[in-house]
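Each remark here refers to the structure printed beneath this line.
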Amino acid sequence: MDEKDQEILHLIEENARISVAELAKMVDLSVEETALIIKELEERKVILGYATVIDWTKVTSTETVTAMIDVKVTPKRGVGFDDVAERIYRFSEVRALYLMSGAYDLSVVIEGKTMNEVARFVSDKLSTIDSVISTTTHFQLKKYKHDGVTFGDNDRDHRIVITP
Amino acid sequence: MTAKLKKSIRTSKLVNEIQPSGIRKFFDLATSMDNIISLGVGEPDFITPWVIREACISSLERGYTSYTANAGMYELRVGIANYLRKQFQLSYNPDEEIIVTVGASEAIDIALRAIIDPGDEVIVVEPTFVSYAPLVTLSGGKPISVATTVESNFRLTPTQLINAITPKTKAIMLSFPNNPTGSTMTSEELLEIAKIVEEHDLIVLSDEIYAEMTYDGKHASIANIKDMRERTIIISGFSKAFAMTGWRLGFVTGPADIISAMLKIHQYSMMCAPTMAQHAAIEALQNGMEDVRKMVQSYKQRRNYIVKSFQEIGLPCHNPGGAFYAFPSIKGTGLTSEKFAEQLLLEERVAVVPGHVFGSGGEGHIRCSYATSLDNLKEAVTRIGRFMEKL
């Protein structure tokens with residue numbers, strides 16, 4: 001992957017809504033070249049999707065509950081943790097899943113409408129999987145920073161209008 | 001009976017000679033208006049990286065609230081020496097060839113005061129930072145303006161320099177990458193300048209505060225040219241590269257005898273730079289370079305964007321190789337740079353700085369800082385385009 005590809009990826013990661021024309025100007029390529037690079041990156045599954053970071057706490061009617069669950073599991077012969085991981089990430093409630101080193105094996109990020117919904121998922125779906133030995137659920141209280149984006153209104157430009 | 005001091009002699013003749021900054025006048029107009037998109041800001045739009053701010057907080061928490069050595073904390077001077085060696089292959093001794101100053105502005109001031117005797121002439125290559133000529137005047141010298149033009153990409157040509165030199169010429173002030181043109185000079189071009197400088201036994205004040213913001217190729221310092229180190233004073237600081245403008249922390253390097261003379265002025269006027277800012281600067285040099293790289297990358301992308309966008313709307317603009325300013329020509333509009341900037345501000349609420357405030361050669365251009373968000377740049381280009389169509 002060359003430098004321009006990476007430059008484009010960084011810019012898209014920061015702002016997925018940037019137009020190809022703007023992008024092309026910034027990386028000093030033609031619009032056609034830039035569009036081709038993006039298409040190739042999508043086809044190679046380097047670009048997996050275009051997401052939007054939303055502060056849902058500002059949309060009261062759609063408030064959600066997020067929990068991070070530490071899961072201890074028994075790995076299976078031949079497939080290790082992959083098999084159980086796949087069983088877990090297929091649930092639509094699961095937003096993220098990581099294999100971890102340390103005190104537990106899997107870190108599962110769950111999102112639900114209410115605390116009860118998350119609790120039901122843990123007790124009815126997650127804990128009942130054969131390989132799962134134990135779960136520890138941590139509810140998220142407040143989001144300060146997510147995917148490199150800080151939440152809040154701290155990005156005001158403090159500079160005066162004209163300076164030397 | 002107490003005689004009243006005559007109004008004409010209340011302030012020094014030197015100060016009376018100086019005109020208020022043209023930027024100030026424009027600033028007053030711009031700040032009286034709302035909803036302005038500003039391309040008039042000569043400083044980074046990034047906030048100082050957290051790791052640097054955190055070092056300052058820690059300095060205060062640990063109670064470092066007293067003076068430091070006049071020349072600056074030794075650890076910082078060593079850090080500056082290492083930084084200059086690594087980034088620009090410049091070798092300076094932290095014991096006697098570096099002073100930490102209160103911004104690069106103080107460094108320029110004490111450099112001039114250390115070398116100028118009354119009547120000495122100092123060549124100021126313009127358009128350039130607004131402080132140089134007034135500071136030459138305040139030091140008792142006479143600024144001799146040399147206007148670079150867009151035809152030479154705002155670079156100083158050997159002929160221009162030779163024509164400006166007189167028996168009274170003591171020094172020349174260079175600033176590349178340049179504010180406001182964004183122009184840079186290559187080692188080969190500087191070599192030609194260096195030959196003339198040596199032949200006429202001049203001192204060079206080289207303001208390299210924008211050195212990190214060099215986008216096409218590597219920054220060239222005149223001090224790297226053979227025999228130039230002994231007659232060059234390099235001005236730099238943390239403001240631009242590390243986004244630390246408000247910290248007022250600069251540094252100056254040069255041959256020991258000149259630095260020693262500068263230190264005399266510094267110790268009696270400033271004493272030392274702020275201690276907590278110096279701690280932050282140590283951290284900046286040790287752990288801030290990755291942030292610098294990211295910020296410079298971002299400036300380069302925005303440089304590409306604004307230059308191409310200006311060309312699309314019919315605003316001729318040379319490609320600035322450094323700093324974070326575009327300096328397009330507005331000569332085709334028939335307006336003076338001041339009139340253009342004023343009308344643009346009043347009609348479309350975009351603040352740019354008229355080129356004439358940066359000295360000769362600046363008329364017919366406007367300075368547009370692209371150290372602002374892409375959204376602001378997009379909107380500014382749209383508004384400037386609309387404004388041009390109405391002319």
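So that the names make sense, note that chain A is the first sequence line, chain B the second, and so on, each numbered from 1. All values below were derived from every heavy atom in this structure, side-chain atoms included, with hydrogens, water molecules and symmetry-related copies excluded.
Contact between B:S38 and A:V161 at its shortest, heavy atoms only, is OG-O, 2.5 Å. Scanning all heavy atoms of the two residues, the minimum distance from A:P164 to B:F129 falls at CB-CE1, 3.6 Å.
Between chain A and the residues B:I36, B:V353, B:L374, the most heavy-atom pairs under 4.5 angstrom are made by B:L374.
Surrounding CE of B:M289 are more than 12 heavy atoms belonging to other residues, nucleotides or ligands, all under 6.0 Å away. Within a 6.0 Å radius of CD in B:E290, other residues, nucleotides and ligands contribute more than 12 heavy atoms. Atom OH of A:Y98 has 12 or fewer neighbouring heavy atoms from other residues, nucleotides or ligands inside a 6.0 Å radius. Atom CD of A:E13 is surrounded by 12 or fewer heavy atoms from other residues, nucleotides or ligands within 6.0 Å. The environment of A:Y144 atom OH is sparse: at most 12 non-hydrogen atoms of other residues, nucleotides or ligands sit within 6.0 angstrom. Around the CZ atom of A:R87, the shell of radius 6.0 Å holds no more than 12 heavy atoms that belong to other residues, nucleotides or ligands. Around atom NZ of A:K72, no more than 12 heavy atoms belonging to other residues, nucleotides or ligands sit under 6.0 Å away. Annotation: A:D124, atom CG; neighbour count of heavy atoms from other residues, nucleotides and ligands within 6.0 Å is above 12.
Proximity to chain A (any heavy atom under 4.5 Å) is shown, for B:Y370, by neither the backbone nor the side chain. In this structure, the portions of A:I160 lying under 4.5 Å from any heavy atom of chain B include both its backbone and its side chain. Within the 4.5 angstrom heavy-atom criterion, no atom of B:T245 approaches chain A. Neither the backbone nor the side chain of B:S131 comes within contact range of chain A; no heavy atom of the residue lies under 4.5 Å from a heavy atom of that chain. Contact annotation for B:R367: only side-chain heavy atoms (C-beta onward) come within less than 4.5 Å of a heavy atom of chain A.
Using modelled atom types, no side-chain atom of A:R159 and backbone atom of B:G42 make a donor-acceptor pair closer than 3.5 Å. Judged by distance alone, with hydrogens and angles left aside, the side-chain atoms of A:D157 form no donor-acceptor pair with the main-chain N or O of B:D45 at under 3.5 Å. Remark: side-chain polar atoms of A:T163 are not paired, donor with acceptor, to backbone N or O of B:V41 under 3.5 angstrom.
For the pair A:K25 and B:E312, the minimum side-chain heavy-atom distance is below 4.5 Å.
Atom CE of A:M26 is separated from atom OG of B:S298 by 6.0 Å, given to the nearest 0.5 angstrom. Interatomic distance, CD of B:Q301 versus NE2 of A:H10, reported as 9.5 Å (0.5 Å rounding).
Look at A:E22 and B:K378 and you find a salt bridge, because one of the NZ, NE, NH1 or NH2 atoms lies within 4.0 Å of a carboxylate O, short of that distance. For A:D28 and B:K300, the salt-bridge test fails: no basic side-chain N is under 4.0 Å from an acidic carboxylate O.
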